[in-house]
Amino acid sequence: MAKINFGGVEENVITREEFPLDKAKEVLKDETLAVIGYGVQGPGQALNLKDNGFNVILGQRKNSTTWEKAVTDGWQEGIDLFEIAEACEKGTIIMNLLSDAGQISVWPIMKVHLTAGKCLYFSHGFGITFHDQTGIIPSKDVDVILAAPKGSGISLRRMFLAGKGINSSYAVFQDATGKAEERAIALGIGIGSGYLFETTFKKEVYSDLTGERGVLMGAIAGVFEAQYNVLRKHGHSPSEAFNETVEELTQSLMPLVAENGMDWMYANCSATAQRGALDWRHKFREATKPVFEELYESVAAGREAKRAIEENSKPDYRDRLEKELKEIRESEMWRTGVEVRKLRPENN
């Protein structure tokens, strides 16, 4: 474990150099990794572990769309694809990668098979942190660990296939065997993490829920809509408004930020852009900070968890979700985006 200085603050970080894949395989050589859930994180983590040579099985509801997807991806019934209860029974490390609502409904089945010495793994601190709402309370004789990729399962898989990796956090909630931390790190390396940084279950879920509702998804979508609508109101064409709002950011500027940071991106833009961005960033920061404070307080108070559990557990959730996504998909801005993407050089 290395101590890395991030802006004057030291953090514990695990890299592939100090904890190589071979070491991870040695740590987990006698384990059966039972991946439960094949939706968002499941496919990427399970396939990466399988390709890396770990003993992985899947647990799914038979005849579900995820079961069929698993079969399409090469998992075989009775060999490495089982119903949830059987996979939980066979697994020594149960990797709970179901949705937060799905974890609640499956927990009564899962906990039966969490016998002494086994390990319960998550990629999100939700179920454990908000146990008063989820009812997920493991017995004291099992390890409870976390490795959380800072990106979608699709990105995790794509980067793995490209020889890269998404950074992940890791945490130990409960160490019953004395092997919990080593198990967590080995799994983090096994799923293809770029590096691992230490956190807690509570900090992971607080930062994750804030990020998803904030900069990563909610805030960026809202800011896109606001700027696009203002440009359209003042007579700019859909193509011009979309290119200036979304296309230039995602295709040109964010790659520069990813490469060397925000200051480097500024330094490689025009002097006029530099001056305006440096001046206006203060106004946007101060305008949005109260919203982020309100958001974080809502997360910490458990209100965001309560709403997610209640809404996502309703039988018509998928139908209502599709209506909300349709509203975005069929808006002028994102219909324009479809046409703009068709015109990218790689699509012609």
Side-chain angles (χ1 to χ4, degrees), residues 34-42 45 59 84 88 93-114 118-153 168-176 180-181 183-184 187-188 197-219 291-318 320-321 324:
V35 174
I36 312 300
Y38 207 69
V40 177
Q41 281 290 332
Q45 293 199 31
I84 290 174
C88 288
I93 297 180
I94 299 176
M95 300 178 65
N96 193 342
L97 298 180
L98 292 159
S99 67
D100 295 323
Q103 290 184 20
I104 295 171
S105 65
V106 171
W107 178 242
I109 297 171
M110 188 174 289
K111 69 178 181 181
V112 170
H113 300 288
L114 271 169
K118 284 194 176 186
C119 177
L120 179 60
Y121 165 99
F122 295 90
S123 281
H124 192 23
F126 190 100
I128 293 292
T129 300
F130 300 113
H131 61 85
D132 56 330
Q133 299 186 54
T134 66
I136 298 175
I137 305 173
S139 61
K140 296 296 184 182
D141 56 3
V142 299
D143 291 344
V144 182
I145 62 174
L146 172 150
K150 297 298 105 181
S152 72
S168 301
S169 59
Y170 77 96
V172 174
F173 178 77
Q174 190 166 283
D175 184 4
E181 183 174 47
R183 278 170 151 175
L187 284 165
F197 60 93
E198 191 174 20
T199 188
T200 66
F201 271 63
K202 181 180 287 189
K203 287 179 179 177
E204 190 284 329
V205 73
Y206 282 17
S207 62
D208 195 65
L209 293 185
T210 300
E212 290 167 349
R213 286 150 180 75
V215 168
L216 301 178
M217 295 173 68
V291 180
F292 281 102
E293 292 284 6
E294 179 185 353
L295 168 56
Y296 192 88
E297 192 277 328
S298 184
V299 169
R303 291 193 296 273
E304 295 304 307
K306 183 175 186 292
R307 175 162 170 77
I309 291 169
E310 289 178 351
E311 291 298 310
N312 297 355
S313 299
K314 291 178 179 177
D316 64 343
Y317 169 70
R318 292 290 176 186
R320 292 185 294 108
L321 171 65
E324 292 184 86

Is there a donor-acceptor contact under 3.5 Å from the side chain of [X] to the main chain of [Y]?
X    : Y    : result
Q174 : V142 : yes
D143 : A176 : yes
S169 : E198 : no
T210 : Y206 : yes
Q133 : G302 : yes

I need the [X] [atom1] to [Y] [atom2] distance, nearest 0.5 Å.
X    : Y    : atom1 : atom2 : result
L146 : Y121 : CG    : OH    : 7.0 Å
M110 : I136 : CE    : CD1   : 8.0 Å
D100 : F126 : CG    : CZ    : 4.5 Å
L120 : C88  : CG    : SG    : 9.0 Å
I36  : H113 : CD1   : NE2   : 9.5 Å
E181 : I145 : CD    : CD1   : 10.5 Å

Q | More than 12 heavy atoms from other groups under 6.0 Å of NZ on K150 | A |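 Check passes, neighbour count above 12.
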
Q: Using a 4.5 Å cut-off on heavy atoms from C-beta on, say whether the side chain of F201 contacts that of F122.
A: yes

Q: Side-chain contact test, heavy atoms from C-beta onward, threshold under 4.5 Å: evaluate it for H124 versus L209 and give yes or no.
A: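 Yes - at least one pair of side-chain heavy atoms lies under 4.5 Å apart.
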
Q: Can you spot which of R318, K314, R320 makes a salt bridge (charged side-chain N to carboxylate O under 4.0 Å, His left out) with D316?
A: R320

Q: Quick one: closest heavy-atom pair of G42 and L97, and the distance?
A: CA-CD1, 3.9 Å

Q | Residue pair I309 / S313: nearest heavy atoms and the distance that separates them | A | O-OG, 2.6 Å

Q) Who pairs with E310 by side chain to side chain contact (heavy atoms under 4.5 Å, CB included), at least two apart in sequence or on another chain? A)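 Per chain and number, E310 pairs via side chain to side chain contact (heavy atoms under 4.5 Å, CB included) with K306.
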
(Q) Testing the 3.5 Å rule here: is there a donor-acceptor pair between the side chains of T134 and Q103? (A)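 No pair is found: no donor N or O on one side chain lies under 3.5 Å from an acceptor on the other.
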
